[in-house]
Novice: 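Following this message is one structure expressed as C-alpha cells.
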2 protein chains.
Amino acid sequence: MSTKSSPRAPQRSRTASPIRRERATDLRAAGSAAAPTFKPIHTRRTFEEICERIREQLALGVLKPGDKLPAERELAQQLGVSRNVLREALRSLEMAGVLRLQKGVKGGAFIQQGDTRRMNEVMRDMLSLGTISVRELSEARVHVLDLVVQLACANARRADLDALEANIERTVLATSEGRLLDRVECSREFYKLLAASTGNKVIAMIVDSVTEIHMRFVYAKVASSGVAMARLAEKRRQFLTALSARNAELAGRLLRSHLESVQRMLEQDPGAMSLHVALADVQPGMRR
Amino acid sequence: MSTKSSPRAPQRSRTASPIRRERATDLRAAGSAAAPTFKPIHTRRTFEEICERIREQLALGVLKPGDKLPAERELAQQLGVSRNVLREALRSLEMAGVLRLQKGVKGGAFIQQGDTRRMNEVMRDMLSLGTISVRELSEARVHVLDLVVQLACANARRADLDALEANIERTVLATSEGRLLDRVECSREFYKLLAASTGNKVIAMIVDSVTEIHMRFVYAKVASSGVAMARLAEKRRQFLTALSARNAELAGRLLRSHLESVQRMLEQDPGAMSLHVALADVQPGMRR
DNA sequence: ATTATTAAATGGATCACCCATTCAATGGAA
DNA sequence: TTCCATTGAATGGGTGATCCATTTAATAAT
C-alpha cells in the first residue's frame, strides 16, 4: 500500500475506508430466514468497528508486528471519526496487548509481538468476578501440569534441561540465604521453564496463566506465615533427573506428590487463601 | 453523592480518591536496592491507573457482578479526571469483559459475570500476531482433549450426557438435510458440551478457546470444498457410549482417531489452511 | 567535532458541547 | 380506574478545539 519506504514500515495512507456514523437505523436485515433469534442488537458502536477493522487487517496479514499505524489525528480523519473515539479503540487494543503506543515525534501506534501474559489477566479477571473458583483453577493446574510433564519428557531439549538446572541452583542459593520470597519467585520461574520445555507455546501460555495465580497464593502464604516448603530443591533435583531420563511416569508421580504437599500447606490456614490477599496488590515481577 | 437507594446496588458515593495528574516526576524511588534494573518506566498513564483501581475493587470484593459504577460524569469528577479519559478506561474494561455499558437513564457501567469467550480472543490475537502457530494450537488441542476425555469420564453427569446425546441428534438431522455448515456448528457445540462435562470451568474455557479457532478452519474448509467428515454422527455415538460407560481408554482412543482423520481432511489442501481464511471474517454465532 | 538549542510531530489529557436512547413520571383518553 | 401516549431528565455515545509533555531531528553555538 505505502509509497515512500522508510526503515520500519511507516504504514502511510492505509486508506482506511470511513466509518462515519451510520446512525443506528440498521437492524441488520436478517439475511437467511433460518433462525428466529433476535438477540444481538447492542447497537454497533464506532470504537468496536475500529477495533474490528484493525484486527481484521491483522488477521489478513496486512498489519504485522513492528508496523506502525498512521498518527492518531490522521487515522481519525481517514476513518471519519473523532480523535477521541479513535483513542478509545487504540486504548482497548493496547490493553489487549495488540498495540504499543509511543509518544514523541517518530512515536505512534506500533503492532506488538503477542503478549502471552494476557491470558494471565483473563484468568485473574475470571477469578475476581467469581466465574471460576480457586478450586477449579488448582485442579486444572494439576491436570495440565501432568500433561506438561509428559510433553516435556518427550520434547525437552538440552537447553531446557540446563535452564531448569540453573533455576534449581538459584533456588538452592535463595534457600541458603533465607530469601523465602525469592524462592517463590524461583518456583514461578521453574514452572515457566517447564512449560516452555514442552516446545508448545499454547500449552506454555496455559500453564503460565494458571501458575501465575497459584503462585500469588503461595507468595501470600509465605509472606504472611514465613513457612516454606521443606526439601524443595531436593525434590526439584529428583524431578529433573526423572525428566532428563525421559521417565514420564516417575516425573509425573514426583510432581503430583509435590503439588499435593504444596496444596496441603496452603490449606492449613484457609483464611490466607482468600482471593483478596492474592489478587489485590501487585508483586514485583508478577505483572507487566 | 446523592443518598436515595434503588433496587440494584446503586453503588453511590464510592468515594474514589482522586487521581489527579501526578506529573511524571516520579521515578518510583526503587525502595529495596536489590535489583539494578531500570526497565519499566513507561510513564503510568491515568487510564491505566483507573483500570487498575477498578480491578482492585473487584479483587477486593467491593465490586461484584451486577453492581453499577457511578455515572461517567460523576465518577470522572470523583477521580479528578476528564470524562474522556475515564471513558478510555471503561472501554478497555468493557473489551476485557469486565463491564457492560448501558445507555439511557438507569443505564451505566455494570460489572459483568465473567465472559469466558475472552480467552478465545486472546488465542485469536496470538495467532494473528504470529505468536503461536496453527500447528501448536492443533497439537495443544489434541492433548487437552485427551485430558478432557479422562475428566469427563470421571465427572460427567447424566445431564451432560443427555446434552451430548441431544447434540448428536441435531447432527443427524443436519446431516440428513444436507446442512453441512450447521453440522460444523454442531461439532463446535459438541466439544463445548464435552468440555463442560468435565465440571471444571477453567478446563472448559481452555478447550473452548482452542476449539473455536480449530472450528473456523473446519468451517472454512467445508464452506469452500463442500467435503464433510464421513460417518460423523456414528463416530459420535460410539464415543458417547464409551463415555457413558466411563471407559476413558476407549473414549480417548476413539476421539484421537477422529481428530486425526479431521486433521488429514484439513491438510489435504494446505492453501485452505491459511490463517486469513479462518480468522478474517466473523461467522454468526462464532462471536459475541 | 561536540554540545546545546530549537522546532515539529506525536500521544496524553481537558473542556464544552451535542446527539440518541432509555425509562419513570405525567397526563389525557377510554 | 385503567391504559396508552407524551415528555423530560439522566446517561452513554460522539465531536472538535485546545493545551501539555515527550521525543527526536535539525540547527546553531561553542
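All values derive from a computational prediction rather than experimental measurement. Order of the sequence lines sets the chain letters (A, B, ...), proteins ahead of strands, with each chain counted from 1.
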Novice: Below 3.5 Å between N/O atoms, which protein atoms pair up with nucleotides 5-9 of chain C? Just atom names and distances, please.
Specialist:
{"from": "C:dA9", "atom 1": "N3", "to": "A:V105", "atom 2": "N", "distance (Å)": "3.3"}

Novice: The criterion is side-chain contact (heavy atoms from CB on, under 4.5 Å); which residues satisfy it with B:A196, sequence neighbours excluded?
Specialist: none

Novice: Between the base of C:dG11 and the side chain of A:R83, is one N or O donor paired with an acceptor at under 3.5 angstrom?
Specialist: yes

Novice: With the side chain of B:R87 defined as its heavy atoms from C-beta on, choose the nearest nucleotide among D:dG12, C:dA13, D:dT15.
Specialist: D:dG12

Novice: If I take atom NZ in residue B:K68 and atom C1' in nucleotide D:dG12, what distance separates them, rounded to the nearest angstrom?
Specialist: 11 Å

Novice: Over how many whole Å does the gap from B:M95 atom CE to D:dG13 atom C1' extend?
Specialist: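 My rounded result for the distance is 14 Å.
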
Novice: In whole angstrom, give the distance that lies between atom CD of A:E48 and atom C1' of D:dG12.
Specialist: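 Rounding to the nearest Å, CD of A:E48 and C1' of D:dG12 are 13 Å apart.
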
Novice: If the threshold is 4.0 Å, N to carboxylate O, is there a salt bridge linking B:E185 and B:R188?
Specialist: yes

Novice: Do B:M123 and B:M126 make a side-chain contact, defined as non-hydrogen atoms from C-beta onward lying under 4.5 Å apart?
Specialist: no

Novice: Tell me which nucleotide among C:dT14, D:dG14, D:dC19 gets nearest to the side chain of A:R73.
Specialist: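 My answer, after comparing the listed nucleotides, is D:dC19.
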
Novice: Among the candidates C:dT14, D:dG14, C:dG12, find the nucleotide nearest to the side-chain atoms of B:V81.
Specialist: C:dT14

Novice: May I have the distance from B:E88 (atom CD) to D:dT15 (atom P), rounded to whole angstrom?
Specialist: 14 Å

Novice: If you assign A:E72 and B:S82 each to the DNA chain C nucleotide with the nearest heavy atom, which residue ends up on the more 5' nucleotide?
Specialist: A:E72

Novice: Would you mind telling me which of D:dG16, D:dG12, C:dG11 lies closest to the side-chain atoms of B:N84?
Specialist: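 Nearest listed nucleotide: D:dG16.
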
Novice: To the nearest Å, how far apart are B:L101 CG and C:dT22 P?
Specialist: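 The distance from CG of B:L101 to P of C:dT22 comes to 14 Å, rounded to the nearest Å.
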
Novice: Quick one: do B:E212 and B:R216 make a salt bridge, cutoff under 4.0 Å?
Specialist: yes

Novice: Taking atom P of C:dT14 as reference, at what distance in whole Å does atom CZ of B:F47 sit?
Specialist: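 Checked: the CZ to P distance equals 13 Å.
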
Novice: Decide, yes or no, whether a salt bridge links A:E94 with B:R45 under the criterion of side-chain N to carboxylate O below 4.0 Å.
Specialist: yes

Novice: Does a sphere of radius 6.0 Å around CD in B:Q77 hold more than 12 heavy atoms from other residues, nucleotides or ligands, not counting ones at 6.0 Å or beyond?
Specialist: no

Novice: Please report, rounded to the nearest Å, how far the P atom of C:dA13 is from the CG atom of B:L86.
Specialist: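 Taking atom P of C:dA13 as the reference, CG of B:L86 is at 12 Å.
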
Novice: How close or far is atom P of C:dC19 from atom NZ of B:K103, stated in whole angstroms?
Specialist: 13 Å

Novice: Output yes when at least one side-chain N/O atom of A:R91 is less than 4.0 Å from OP1 or OP2 of C:dG12, else no.
Specialist: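 It does, given that an N or O in the side chain of A:R91 lies less than 4.0 Å from OP1 or OP2 of C:dG12.
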
Novice: Closest to the B:R45 side chain: C:dG12, D:dG13, C:dT14?
Specialist: C:dG12

Novice: Partners of B:E72 by salt bridge (Lys or Arg N to Asp or Glu O under 4.0 Å), sequence neighbours excluded?
Specialist: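 Partners of B:E72 under the salt bridge (Lys or Arg N to Asp or Glu O under 4.0 Å) test: B:R83, B:R87.
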
